[in-house]
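Quick note on labels: first sequence line is chain A, next is B, and so on, each numbered from 1.
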Amino acid sequence: MRLPNNILGIAFIALTLLLGAGGAYAAEGTNGIGPNPAKAEKGEQCVEPVDDMRRYHMNYLKHQRDETLREGIRGKKYSLNECIDCHAAKSPDVAGGNIRTIKPFCAECHQFAAVKIDCFECHTGIASPIKKGNKPPMPSKHGKTDQEKDALVFGMLENYLKSKSDVGGVAE
Amino acid sequence: MASIDKNTYKEVSGNGGDYLSLIAWLGVFAVAGIGSAFYMETQGHVVTGMTNQIVWGMPHVFAVFLIIAASGALNVASMSSVFGKKIYKPLGRLSAIMALSLLAGGLLVLVLDLGRPDRLDVAMLKQNFKSIFAWNIYLYSGFFGVVIVYLWMMMERRFNKYSKIAGTFAFVWRLALTTGTGSIFGFLMARPGYDAAIMAPMFIAMSFAFGLAIKIIFVTSAYRATARPLGDKLLFQMRNLLGIFIAAALYFNIAQHLTNLYAPEHMGVEMFILLDGGIYTILFWVGQILLGTIVPMTLLFHPAINRSCQSINAASMLVIIGGIIQVYIIIVGGQAYPMDMFPGFEVTSTFFDGSIHSYTPSLPEIVLGLGGVATALLIMMLAVKYLPILPASLSDAAIGPANITTDEDA
Amino acid sequence: MNSNNLPPITEEKIDIERRRLLASGGAIAIASGIMLYGGGAGAREKGQPATSAQRWGMLIDTTADKSIWDTVVTACKREQGWGGGNNPATDPQWVRKVSIKNKSTGAEATLPVMCQHCANPPCVDVCPTGASMQRADGIVLVDKHICIGCRYCMMACPYSARSFVHEPVHNQKPHMPRGMGTVESCTMCVHRVDNNQQPACVEALEAKGSKAIIFGDLNDPDSEISRAVSAHVTRRIREDLGVEPGVHYKGI
């Protein structure tokens with residue numbers, strides 16, 4: 001009696017997917033159903049709580065992509081490049097494990113949920129390397145406002161430019 | 001008021017080996033077309049002959065031909081419903097089915113050629129209403145709805161009385177549709193080969209000819225294959241109409257070229273098409289004018305030969321071939337001639353500015369285009385098998401005296 | 001530049017783009033090109049949208065030595081990550097060196113041609129989905145998120161400024177997503193402009209001591225470009241079409 005078994009099996013899988021993917025999967029941590037993606041290689045705290053990100057990351061990214069590209073609003077909270085910067089990891093499947101890419105991280109859930117993502121048809125998923133021996137201790141959370149981050153960057157730039165002009169102007 | 005449709009329509013049996021093998025072949029071409037599209041999407045358009053200079057190629061030639069033929073195919077139905085030419089009434093249902101299937105085939109090719117066909121939902125959901133393309137999305141999808149309603153009015157005896165109003169609406173819609181298709185090119189101000197309001201009416205005249213030519217071939221083949229009677233009256237009537245449509249398309253073509261020839265700024269592109277454009281000049285004079293216009297006009301109007309079904313069929317086939325060539329000259333020829341970015345200057349660059357752009361169609365894009373044609377024919381073939389579309393008889397007796405209007409009949 | 005000269009990046013996580021700029025030998029770029037925050041009328045606060053208060057444009061001096069335009073093309077390739085293919089007919093070209101010769105007088109000139117960032121861009125008008133778009137500050141872009149690859153914009157552009165990506169793309173720049181099946185063109189280095197930097201081509205020319213391209217705000221009467229275009233007659237390519245390009249040329 002193969003057929004009834006198959007039907008039962010399909011029904012069970014369907015039920016599991018419905019209950020599992022909808023509810024348990026989005027909850028923090030794991031209860032044994034669904035993937036439990038690795039913690040970010042860098043950083044302690046994402047820009048939003050984990051279960052919030054699991055549920056809504058696509059909305060955040062999509063909303064901000066339109067603001068950034070179409071309106072020119074820069075430096076806001078949800079940046080795909082920052083996702084990549086924290087969540088990219090080396091994987092033996094990608095370039096022999098020599099580069100950090102976010103694709104394995106995305107794939108953990110997206111394969112399970114069978115949701116094809118379009119992001120990396122155009123965006124690079126490759127992160128810049130973390131410097132050896134100088135791995136930056138990440139802030140406990142993304143606490144800086146955009147203005148504070150900018151002030152920091154431009155303060156560093158100004159110091160740098162000043163140091164250059166002290167030794168005889170702009171060098172090439 | 002339009003009268004009740006008294007013709008008898010019968011499904012074709014469709015069990016013969018010829019029918020089934022034709023269906024199979026059309027299926028093979030349709031699947032091959034979709035396979036080509038998949039190949040183009042995964043490998044990139046580098047596997048086509050299209051480039052950054054010839055950005056639209058063979059798929060667009062087929063798609064545009066099928067789309068304008070679709071609106072033209074409806075015309076025979078309009079002749080009866082709108083203009084009261086009762087003789088065309090038996091072909092009303094077939095006209096609507098042909099219009100639907102040709103449009104479906106054309107749109108299939110157009111959509112599958114997109115760089116990102118997977119984003120078709122975006123085209124449906126996000127629209128820029130200043131774009132003639134966005135208008136066409138409504139014109140094309142609306143055409144399906146309008147023609148399906150029209151077909152229903154024609155096929156449901158109780159609603160026959162509404163077929164005139166539905167037919168009139170469909171006729172106006174198809175004029176808008178072909179205007180929209182012609183305007184895709186007419187609105188391109190930067191390209192000397194386009195940028196002309198005459199594109200819209202010329203496309204309408206072309207559509208009349210292409211659509212009727214396809215209809216003549218389909219009807220004569222179907223009636224021969226099913227051994228149903230097809231009288232000379234209807235055939236000759238369509239023959240005369242086709243001749244007029246070819247002449248109308250030629251008229252708009254002459255008007256366009258004469259206008260361009262008068263303006264020194266357009267002399268370059270005119271000389272390119274008419275005199276020294278190599279393959280495009282040959283295609284124009286031999287393909288479009290000789291094979292697509294003069295020969296079929298002779299076949300249709302010369303009293304010594306114009307009474308044979310073979311002549312009329314040959315003329316129709318030539319109109320189709322000449323039509324595809326004409327669309328090719330418009331689409332590819334119009335891009336092959338370089339844009340005049342610096343009038344009065346010779347221009348050269350690594351991006352081929354100022355030089356004639358070359359284009360060699362590749363197999364995948366031709367197969368995609370043929371896939372669209374096969375899909376259109378497949379829908380027609382299945383429709384005549386499963387729906388009462390084709391009249392049991394088109395004999396002279398069955399269709400009644402020519403040129404009697406439905407108004408007299410009502 | 002070696003990385004010892006760079007300020008230490010240890011304290012805080014900072015915007016990845018700028019961090020990369022610092023870390024990747026972009027020090028030349030910073031030193032010569034940046035218009036620091038608050039300096040210049042063009043600056044706008046982070047988190048604020050681009051507005052029509054600005055109209056970014058370029059003035060290109062076609063009397064400059066024609067070899068200088070290779071610098072422009074090279075800088076653009078490096079910054080945006082295009083180039084390197086070997087199919088000339090299908091490889092994207094965001095900017096190209098065009099040589100022109102007057103048919104009656106024989107006078108010649110060479111000039112770079114790229115997206116002209118029209119005020120009335122035909123590519124934006126014809127795009128069915130709104131992917132071809134114009135920012136409030138006049139920069140014309142392709143929103144590749146919704147580009148379906150129909151190429152109607154390429155048919156409409158009077159300048160052949162746009163390219164279709166015919167082949168798979170790998171190793172894109174983080175700031176410049178590029179993908180097969182979509183259309184692309186010069187962005188006027190919008191990612192740099194939003195960061196109060198000049199486009200990469202302008203900066204590369206300045207690094208060579210050339211002012212052959214001036215970039216700036218055409219709406220600001222005191223900007224260098226506004227003063228230059230008001231002092232000398234400039235021309236824009238195919239001005240007769242009424243598309244009002246933002247790129248001016250001097251010397252043709």
To the nearest 0.5 angstrom, please state how far the [atom1] atom of [X] sits from the [atom2] atom of [Y].
X	Y	atom1	atom2	value
C/Met176	A/His123	CE	NE2	10.0 Å
C/His145	A/Lys62	NE2	NZ	10.0 Å
A/Glu71	C/Arg135	CD	CZ	10.0 Å
C/Asp143	A/Arg65	CG	CZ	6.0 Å

Would you say the side chain of C/Asn195 lies within less than 4.5 Å of the side chain of A/Arg74, judging by non-hydrogen atoms? no

Measuring only between side-chain heavy atoms, which start at C-beta, is C/Met133 closer than 4.5 Å to A/Leu69? yes

A/Asn81 side chain to C/Pro174 backbone, donor-acceptor under 3.5 Å: yes

Minimum heavy-atom separation for C/Ile146 to A/Arg70, with atom names?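 Here C/Ile146 and A/Arg70 meet closest at CD1-NH1, 3.7 Å.
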
Measure across C/Gln172 and A/Cys122 and return the closest heavy-atom pair with its distance rounded to 0.1 Å. NE2-O, 3.0 Å

Contact class of C/Val165 relative to chain A, heavy atoms under 4.5 angstrom: neither

What part of C/Ile139 is in contact with chain A, defined as an atom under 4.5 angstrom from a non-hydrogen atom: side chain, backbone, both or neither? neither

Counting only heavy atoms not in C/Asn171, do more than 12 fall under 6.0 Å of its CG?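 Atom CG in C/Asn171 is not crowded, with 12 or fewer foreign heavy atoms closer than 6.0 Å.
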
Please lay out, stage by stage, how A/Ile126 and C/His170 fare under the test side chain to side chain contact (heavy atoms under 4.5 Å, CB included). CA-CA 10 Å; A/Ile126 299 168; C/His170 304 289; over 6 Å; no

Heavy-atom pairs under 4.5 Å with chain A, option from C/Pro177, C/Gly179, C/Pro168, C/Ala136 with the top count: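 With the most close heavy-atom pairs to chain A, the winner is C/Pro177.
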
Please classify the contact between A/Asp66 and chain C as side chain, backbone, both or neither, with a heavy-atom cut-off of under 4.5 Å. side chain

